[in-house]
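All values below were derived from every heavy atom in this structure, side-chain atoms included, with hydrogens, water molecules and symmetry-related copies excluded. Just so you know, residue 1 is the first one in the sequence shown, and it goes up from there.
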Amino acid sequence: QVQLVESGGGLVQPGGSLRLSCAASETIAIIYRMGWYRQSPGKERELVATATTIGSTNYADSVKGRFTISRDNAKNSVYLQMNGLKPEDTAVYFCYAQRLRATGPPWEYWGQGTQVTVSS
């Protein structure tokens, strides 16, 4: 199965920026959808941003205009550029991948998560 490894999390002040990276164990050219979800204590895991191989993107309303997702097929990676960070962005961020199959439902994979903390 596909292995996903996140990196780039850390502590940042409000208004600051972070860039998260997710490296996949196989070419992402055949992974239809990749992106990021996040979860904070006491809350449901929520979609942050996803991108497909055909160029479509999907962002949560709370991050639209501040976060940008991108894919680099040559590096088998997906990135999340986070600008204008707010304390409410504090969460564990999980990389997500959805691989389509010729027959049956798609496969879904998750990374181990990386902590993002926004605090002064």
Inset, instruction - Would you check, one step at a time, whether the test side-chain contact (heavy atoms from CB on, under 4.5 Å) holds for Tyr59 with Thr68? - result: CA-CA 9 Å; Tyr59 292 92; Thr68 303; 3.9 Å; yes
Inset, instruction - Begin from the C-alpha positions of Phe67 and Leu18 and carry the test side-chain contact (heavy atoms from CB on, under 4.5 Å) through to its verdict. - result: CA-CA 10 Å; Phe67 292 8; Leu18 282 175; over 6 Å; no
Inset, instruction - Apply salt bridge (charged side-chain N to carboxylate O under 4.0 Å, His left out) to Arg66 and list each qualifying residue two or more places apart in sequence or on a separate chain. - result: Asp89
Legend entry - Partner residues of Glu108 under the salt bridge (charged side-chain N to carboxylate O under 4.0 Å, His left out) criterion, sequence neighbours left out: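 Listed in chain order: nothing, the list is empty.
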Legend entry - Heavy-atom neighbours of Glu88 CD exceed 12 at 6.0 Å: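 Buried by this count: over 12 neighbours within 6.0 Å.
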Quick one: [atom1] on [X] to [atom2] on [Y], what's the gap to the nearest 0.5 Å?
X	Y	atom1	atom2	result
Arg33	Ser56	CZ	OG	5.5 Å
Gln98	Thr53	CD	OG1	10.5 Å
Arg71	Thr50	CZ	OG1	9.5 Å
Gln81	Ser21	CD	OG	9.5 Å

Inset, instruction - Say whether, by atom type as modelled, one donor and one acceptor occur between the side chain of Thr114 and the main chain of Gly9 under 3.5 angstrom. - result: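 Present.
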Inset, instruction - Say whether, by atom type as modelled, one donor and one acceptor occur between the side chain of Glu6 and the main chain of Cys95 under 3.5 angstrom. - result: yes
Legend entry - Heavy-atom closest pair, residues Gly111 and Phe94: O-CD2, 3.6 Å
Considering only heavy atoms from C-beta outward, does the side chain of [X] approach that of [Y] to under 4.5 Å?
X	Y	value
Val116	Leu20	yes
Met82	Val118	no
Thr90	Gln115	yes
Tyr93	Tyr37	no

Legend entry - same_hphob_cluster(Val78, Trp107) at 4.5 Å side-chain heavy-atom cutoff: yes
